[in-house]
Amino acid sequence: MRGKQTVRGMFQSMAVICAAAGVIYLFVPHDDTADPLQPVDYGVELVTARRAAPYPVAAPEGLTGEWRPTSVSYSRKDENAWHLGFLTPEREYAAVEQSTGAPVEYVVKVTHDARDTGKTQQVAGRAWERWEGPKYDALVLREEGVTTVVTGTASFERLGEMAAALTAKRA
């Protein structure tokens, strides 16, 4: 008899569907302890940016495996902006930012309103400006034609470690 569906039939259908879903859940591998953040491979983007940018593009060399790259981008439209983000061993954020844009405006943008403290920090024999902000702190190196910013929630010690590991090259 068509058209005489019952509440009992609906519950029977739901029981079959739930049983099938339960079986699928049991046989699909899942690891609740796995870290959901997967490191990115930035090699291709780095080579591309080094070919396209009008300045030597900086990337770290020699950091321990505990530093995990999480994001990468290069945009010619945004004043040749290079971005390479990492998680530190303490799971704090640290990023390398470079651009040909106006230095102060660029630093304020990528640090989310950090301000120059007037202090410097020596890193690999160079004086980097120290900037502090409500969200990110930063080390800033102004050179002719490019501003390099190492910024993030990481400590100035870790930001300095990142800055010291930077190698700027062109393709």
Side-chain angles (χ1 to χ4, degrees), residues 31-76 78-171:
D31 184 2
D32 294 335
T33 62
D35 190 350
L37 186 64
Q38 295 298 316
V40 298
D41 181 5
Y42 60 90
V44 172
E45 288 86 352
L46 179 59
V47 170
T48 302
R50 284 181 170 165
R51 287 183 182 153
Y55 55 84
V57 174
E61 291 183 1
L63 291 175
T64 67
E66 294 176 313
W67 287 77
R68 295 183 9 203
T70 58
S71 58
V72 61
S73 66
Y74 175 75
S75 174
R76 279 188 125 154
D78 293 330
E79 299 176 294
N80 298 296
W82 166 247
H83 160 83
L84 184 56
F86 281 81
L87 275 185
T88 68
E90 296 82 20
R91 298 186 62 86
E92 292 290 334
Y93 180 67
V96 177
E97 309 278 357
Q98 286 184 291
S99 175
T100 57
V104 173
E105 290 83 5
Y106 181 68
V107 175
V108 169
K109 176 184 166 187
V110 297
T111 61
H112 300 278
D113 295 321
R115 300 287 177 224
D116 190 350
T117 63
K119 300 176 185 173
T120 60
Q121 180 171 328
Q122 289 295 315
V123 178
R126 301 177 91 174
W128 291 65
E129 299 169 13
R130 284 179 76 141
W131 289 54
E132 293 181 0
K135 185 168 183 175
Y136 295 152
D137 293 330
L139 295 175
V140 178
L141 184 63
R142 298 186 212 195
E143 298 174 292
E144 187 173 330
V146 65
T147 302
T148 303
V149 182
V150 177
T151 186
T153 59
S155 66
F156 275 111
E157 180 182 335
R158 285 295 189 188
L159 295 177
E161 187 177 337
M162 169 69 81
L166 292 180
T167 302
K169 297 179 185 175
R170 290 187 184 204

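Numbers here are sequence positions counted from 1.
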| field | Carboxylate-amine/guanidinium proximity below 4.0 Å for K169 and E61 | value | yes

| request: Please determine, by modelled atom types, if E157 and S155 share a side-chain donor-acceptor pair under 3.5 angstrom. | output: no

| query | In terms of the angle between their ring planes, are H112 and Y136 parallel, tilted or perpendicular, with boundaries placed at 30° and 60°? | reply | perpendicular

| task | Mind listing the closest non-hydrogen atom pair of A127 and L141 along with its distance? | result | O-CD1, 3.9 Å

| Does some side-chain heavy atom of W67 sit less than 4.5 Å from a side-chain heavy atom of E161? | yes

| field | Spacing of NZ belonging to K135 relative to CG belonging to D113, to within rounding of 0.5 Å | value | 10.5 Å

| Chi angles and distances behind the side-chain hydrogen bond (donor to acceptor under 3.5 Å, both in side chains) call for T100, E79 | CA-CA 5 Å; T100 57; E79 299 176 294; 5.6 Å; no

| request: Report the relative orientation of the aromatic rings in F86 and Y42; use parallel for angles under 30°, tilted for 30 to 60°, perpendicular for over 60°. | output: perpendicular

| said: If I compare all heavy atoms of V149 with all of A138, which pair ends up nearest, and what's the gap? | reply: CG1-CB, 3.9 Å

| said: How long is the straight-line distance from OG1 of T88 back to CD of E66, given to the nearest 0.5 Å? | reply: 9.5 Å

| Are E90 and R158 ion-paired here, with the side-chain N under 4.0 Å from a carboxylate O? | yes

| Would you say the side chain of R130 lies within less than 4.5 Å of the side chain of L139, judging by non-hydrogen atoms? | yes

| message | Could you walk me through whether T148 and W82 satisfy the side-chain contact (heavy atoms from CB on, under 4.5 Å) test, starting with their C-alpha distance in whole Å, then the side-chain angles of each, then the deciding distance to 0.1 Å, before giving a yes or no? | response | CA-CA 9 Å; T148 303; W82 166 247; over 6 Å; no

| query | Should the heavy atoms of other residues, nucleotides or ligands under 6.0 Å from CD of Q122 be counted, would the total exceed 12? | reply | yes

| query | Does a side-chain heavy-atom distance below 4.5 Å link V150 with W128? | reply | yes

| request: Give a yes or no on whether R126 atom CZ has more than 12 heavy-atom contacts from other residues, nucleotides or ligands under 6.0 Å away. | output: no

| field | Pair N80-Y74, side-chain donor/acceptor within less than 3.5 Å | value | yes

| said: Using a 3.5 Å distance criterion without hydrogens, assess whether the side chain of R50 forms a donor-acceptor pair with backbone atoms of V57. | reply: yes

| task | Evaluate the side-chain proximity of L84 to P60: yes if any heavy-atom separation is below 4.5 Å, no if none is. | result | yes

